[in-house]
Amino acid sequence: MNSVIEWSGLRYGYAQGPQLRFEDLVLPAGQHLLLRGGSGSGKSTLLALAAGLLSPSAGEMVLGATALHTLAPRQRDAWRAANLGFVPQRLHLSAALSVNENLALPYISAGLRPEPARAAELLACLGLRGLGERLPHRLSVGQAQRVALARALMRRPQFLLADEPTANLDDDSAAQVLELLQRAAAEQSATLVLATHDRRIAERVRGVDGRDWRELVLPKLDQSEPGP
Ligand SMILES: Nc1ncnc2c1ncn2[C@@H]1O[C@H](COP(=O)(O)OP(=O)(O)OP(=O)(O)O)[C@@H](O)[C@H]1O
């Protein structure tokens, strides 16, 4: 798939909240997107629109050749499971399942055979070797964050969307996570979309890897137009 993300005329209005408007964007194949902007500027909303978890109030969001909001819910779920990894800000690890069982879920829910070797490989890359049998409540916040990332990467998605993926990590772990994301993206020809306040990511992305990244800074909410 020729990974590319494009949105135009995109708006989202919360029923009990603000009306957000997003400037048009075309991300060509081969580029990743760094989403920045102050708290409340709409980064998480934009990621949720890209992941098809929210449907636009107006306009279009297209990943590859697919406008997720135009698909029926079942098709949308199937497309998402096959093509998209999403690490939300509030992690949704299943509390009753071990780390390994959490990592098997993306396969089981799609009726596929789990890949324990892939799980072990990702856990090792993320400095989590030996934690496969742990339940999420026995992980540190940073460890849980890396397990959520591993889960998002399990099925080698074409699109990897992550909301503050390094927020709770020390410098070494943050560097490890960014490296893994970039390596996974290169191996899978995948597109990364990272929303972050983390200066360490912004600096790294602007420096060594500048050509591969587009940086989009969302304006403060009061600059967005009021809704219809
Ligand atoms: N469920 C909701 N209902 C009403 N308003 C909401 C809801 N979720 C978010 N908002 C509002 O929408 C705006 C954008 O929120 P969003 O979470 O997308 O911003 P953000 O840039 O990701 O913020 P942060 O960096 O703090 O995570 C904020 O003003 C927020 O208060």
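Whatever order the structure lists them in is the order used to number ligands and atoms, beginning at 1. All residue numbers in this chain count up from 1 along the given sequence.
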Q: Give a yes/no on ligand 1: does Ala195 have at least one heavy atom closer than 4.0 angstrom to it?
A: no
Q | Nearest neighbour in protein (non-hydrogen) for atom 19 (O) of ligand 1 | A | Gly42 N, 3.2 Å
Q. What atoms of ligand 1 come within less than 4.0 Å of a heavy atom belonging to Gln89?
A. 27 (O)
**Q.** Note: Arg80-Asp77 ion pair, threshold 4.0 Å (strictly below)
**A.** yes
Q: Distance to 0.1 Å, residue and atom name: give those for the protein heavy atom nearest to atom 23 (O) of ligand 1.
A: Gly40 N, 2.8 Å
**Q.** Closer than 4.0 Å: a protein non-hydrogen atom to atom 13 (C) of ligand 1
**A.** yes
Q. Does the side chain of Thr45 pick up a donor-acceptor pair with the side chain of Tyr14 at under 3.5 Å?
A. yes
Q) Where is the nearest protein heavy atom to atom 26 (O) of ligand 1: which residue, which atom, and how far? A) Ser39 OG, 2.6 Å
Q | Side-chain heavy atoms of Leu10 within contact of Met61, under 4.5 Å | A | yes
**Q.** Hydrophobic cluster of Leu97, others only, ordered by chain and residue number, side-chain cut-off 4.5 Å
**A.** Leu105
Q) Looking at Gly38, which atoms of ligand 1 are within less than 4.0 Å of one of its heavy atoms? A) 21 (O)
Q. Residues in salt bridge (Lys or Arg N to Asp or Glu O under 4.0 Å) with Glu121, at least two apart?
A. Arg118
Q | Nearest non-hydrogen protein atom, atom 25 (O) of ligand 1 | A | Lys43 NZ, 2.8 Å
Q | Under-4.0 Å salt bridge between Arg200 and Asp171 | A | yes
Q) Do any N or O atoms from the side chain of Gln31 and from the backbone of Pro28 form a donor-acceptor pair under 3.5 angstrom? A) no
Q. Does Glu187 reach the main-chain N or O of Arg156 with its side chain, forming a donor-acceptor pair under 3.5 Å?
A. no
Q: Could you tell me whether Pro18 and ligand 1 have an N or O pair separated by under 3.5 Å?
A: no
Q: May I ask you to identify, for Ser41, whether its side chain, its backbone, both or neither come under 4.0 Å of ligand 1 on a heavy-atom basis?
A: both
Q) Can Asp198 and Thr166 be counted as having a side-chain donor-acceptor contact under 3.5 angstrom? A) yes
Q | Sub-4.0 Å heavy-atom approach of His197 to ligand 1 | A | yes
Q: Tell me which protein heavy atom sits closest to atom 2 (C) of ligand 1, plus the residue, atom name and distance to 0.1 Å.
A: Tyr14 CD2, 3.3 Å
Q. To which protein heavy atom is atom 18 (O) of ligand 1 closest, and what is the distance rounded to 0.1 Å?
A. Thr45 OG1, 2.5 Å
Q | Close-contact set for ligand 1 against Ser44 heavy atoms, below 4.0 Å | A | 17 (O), 18 (O), 20 (P), 22 (O), 27 (O)
Q.
Students should be able to answer this: which protein heavy-atom is nearest to atom 29 (O) of ligand 1, and at what distance?
A. Leu221 CD2, 3.3 Å
Q) Can you find a protein heavy atom under 4.0 Å from atom 31 (O) of ligand 1? A) no
(Q) Walk me through whether Glu133 and Asn100 qualify under side-chain hydrogen bond (donor to acceptor under 3.5 Å, both in side chains). (A) CA-CA 6 Å; Glu133 298 308 318; Asn100 280 336; 3.1 Å; yes
